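Indexing begins at 1, ligand by ligand and atom by atom, following the structure's order. All values reported here derive from a predicted model rather than from experimental measurement. Residue numbers run from 1 in the order of the sequence given.
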Amino acid sequence: MKATRLGILGLGTVGSGLVDLLEKGGANLRHRLDHEIRVTRALVRDDTRERRLPSSMVTTDPAQVIEADDVDVVVELMGGIEPARSYILRALGAGKSVVTANKAVLARHGAELLAASHASGRPIGFEASVCGGIPLLRAISTGLIADEVDQMVGILNGTSNFVLSRMHQDGLDYATAVALAQERGLAEADPTLDVNGSDAAHKLILLAEIMFQTAVGLDQIEREGIEAIEPIDIQTADSFGYVIKPVAVAKRVEDALDLRVHPALVPYTHVLGPVSDEYNAVLLRGEATGETLFYGRGAGSLPTASAVLGDIVELVRHPDWRIPWDPAKSTKVRHVPGTSRFYLRFPVHDRPGLIGKVATALGEHGVSITHAQARLVGAEGAAGNLTILTHVTSEPVIAQVLSKIEKTGAVRAPALSLRILD
Ligand SMILES: NC(=O)c1ccc[n+]([C@@H]2O[C@H](COP(=O)([O-])OP(=O)(O)OC[C@H]3O[C@@H](n4cnc5c(N)ncnc54)[C@H](OP(=O)(O)O)[C@@H]3O)[C@@H](O)[C@H]2O)c1
């Protein structure tokens, strides 16, 4: 029976999950494929720790894995930019196929790595790097290949979604919800990249590169995190029939591609409304297929390892398989100021006339209000919030009017503005 021999770089959460999955499902896979997939070598930083593999297979020397004769596929599961990037390039140069789950290195050096893959004639699979267990890239690059996908909206970061879900369902404040995510192993000790939109932006880069065949830089993505969201925003959104979700949006606008990551008010009736906790979902709109929804676990040891193994099986079945990639077809990426309804929260002092000042400034800029609530607690002079939902208006108008209102001294802190996804 033929065999594919794996050299794994990294035996952490996902690497150990891959070893587990092969142990549990290897026999079944062997039977279904008439082909064996087995691990022969693994690279770690610390080879004194007990591992799921015999110590004879574990090394701290990358050459013993990357350039080994008994390795056909190098599976990069270390994370980070360097040395992951150099190791992937070395593996392709040594004639190995590569599978990686590393969105950070792909988002930063994807074009270089894909070009190296094409030049070496060896494939690089990276299904696990976007939305963990959801086989999304394969669906886009195979099943939907004949369709012209012009828009994507998704929840790509499970940590942010978990934090906002707990704030909504359990009434937690932001800091307590983040601490709970850390306790459950859903957030790193430093959760910054998850909550400030960077992780979702990395995944959006990869999705956009595959969907729109274009090279995208991190600085071309408009990014807003969820750090400024307070319980009052969650409660007010809820009272109007909305739930706040961390969304990523990619759409063709005129001749360009607009890419952004930000929290938004999503109606309960929208398909993304019920997507809670660490779950991810991606809604694609294609010219031929209309709307297609993908939903599942975006991270975790076994879901992510399952996507890694899916790529390896793809290589077994189709050794010449490549992710379609043609940088020559590049579309311009630019932020196109859009229009939407907005949710605005103005932190105000409880003083006569302040609400009137805000409403007048909005009116002078042609922004009309559909709903408004003021919660001003305590004696006169106490602080509170004025929350407003607007009719459709444009992003530049909202930016102008918020800046004007701040200058009037009517607010005690900058206003929060969130788009409403209708
Ligand atoms: N965890 C998830 O749910 C998830 C989901 C989707 C994608 N991913 C991606 O999958 C990749 C792996 O994530 P993970 O959560 O499994 O990471 P992890 O638990 O931190 O494991 C990293 C592994 O790589 C090894 N390693 C790191 N740097 C190394 C170096 N310079 N030389 C040799 N070995 C090195 C570590 O060795 P030691 O054990 O000796 O420290 C460890 O075994 C990342 O790119 C991540 O973004 C993860």
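Here side-chain hydrogen bond (donor to acceptor under 3.5 Å, both in side chains) pairs that include residues 179-188, with residues two or more places apart or in two chains, number zero.
Under the side chain to side chain contact (heavy atoms under 4.5 Å, CB included) rule, Phe126 has a single partner from Val99, Asn102, Ile210, which is Ile210.
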Protein N/O near ligand 1 N/O, under 3.5 Å, which pairs?
{"from": "ligand 1", "atom 1": "3 (O)", "to": "Gly300", "atom 2": "N", "distance (Å)": "2.7"}
{"from": "ligand 1", "atom 1": "16 (O)", "to": "Thr13", "atom 2": "N", "distance (Å)": "3.1"}
{"from": "ligand 1", "atom 1": "16 (O)", "to": "Val14", "atom 2": "N", "distance (Å)": "2.8"}
{"from": "ligand 1", "atom 1": "19 (O)", "to": "Thr13", "atom 2": "N", "distance (Å)": "2.9"}
{"from": "ligand 1", "atom 1": "19 (O)", "to": "Thr13", "atom 2": "OG1", "distance (Å)": "3.1"}
{"from": "ligand 1", "atom 1": "34 (N)", "to": "Arg45", "atom 2": "N", "distance (Å)": "3.4"}
{"from": "ligand 1", "atom 1": "37 (O)", "to": "Arg45", "atom 2": "N", "distance (Å)": "3.3"}
{"from": "ligand 1", "atom 1": "39 (O)", "to": "Arg49", "atom 2": "NH1", "distance (Å)": "3.4"}
{"from": "ligand 1", "atom 1": "39 (O)", "to": "Arg51", "atom 2": "NH1", "distance (Å)": "2.9"}
{"from": "ligand 1", "atom 1": "39 (O)", "to": "Arg51", "atom 2": "NH2", "distance (Å)": "3.1"}
{"from": "ligand 1", "atom 1": "40 (O)", "to": "Arg45", "atom 2": "N", "distance (Å)": "2.9"}
{"from": "ligand 1", "atom 1": "40 (O)", "to": "Asp46", "atom 2": "N", "distance (Å)": "2.9"}
{"from": "ligand 1", "atom 1": "40 (O)", "to": "Arg51", "atom 2": "NH2", "distance (Å)": "2.9"}
{"from": "ligand 1", "atom 1": "41 (O)", "to": "Arg45", "atom 2": "NE", "distance (Å)": "3.3"}
{"from": "ligand 1", "atom 1": "41 (O)", "to": "Arg45", "atom 2": "NH2", "distance (Å)": "3.0"}
{"from": "ligand 1", "atom 1": "43 (O)", "to": "Leu11", "atom 2": "N", "distance (Å)": "2.9"}
{"from": "ligand 1", "atom 1": "43 (O)", "to": "Gly12", "atom 2": "N", "distance (Å)": "3.1"}
{"from": "ligand 1", "atom 1": "47 (O)", "to": "Lys103", "atom 2": "NZ", "distance (Å)": "3.4"}

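Between the side chain of Lys96 and the backbone N or O of Gly7 there is no donor-acceptor pair closer than 3.5 Å.
Ring geometry for Phe240 versus His371: interplanar angle of 30 to 60°, hence tilted.
Between the side chains of Thr236 and Arg345, no donor-acceptor pair of N or O atoms lies under 3.5 Å. If you check the side chains of Ser97 and Arg122, you find a donor sitting under 3.5 Å from an acceptor.
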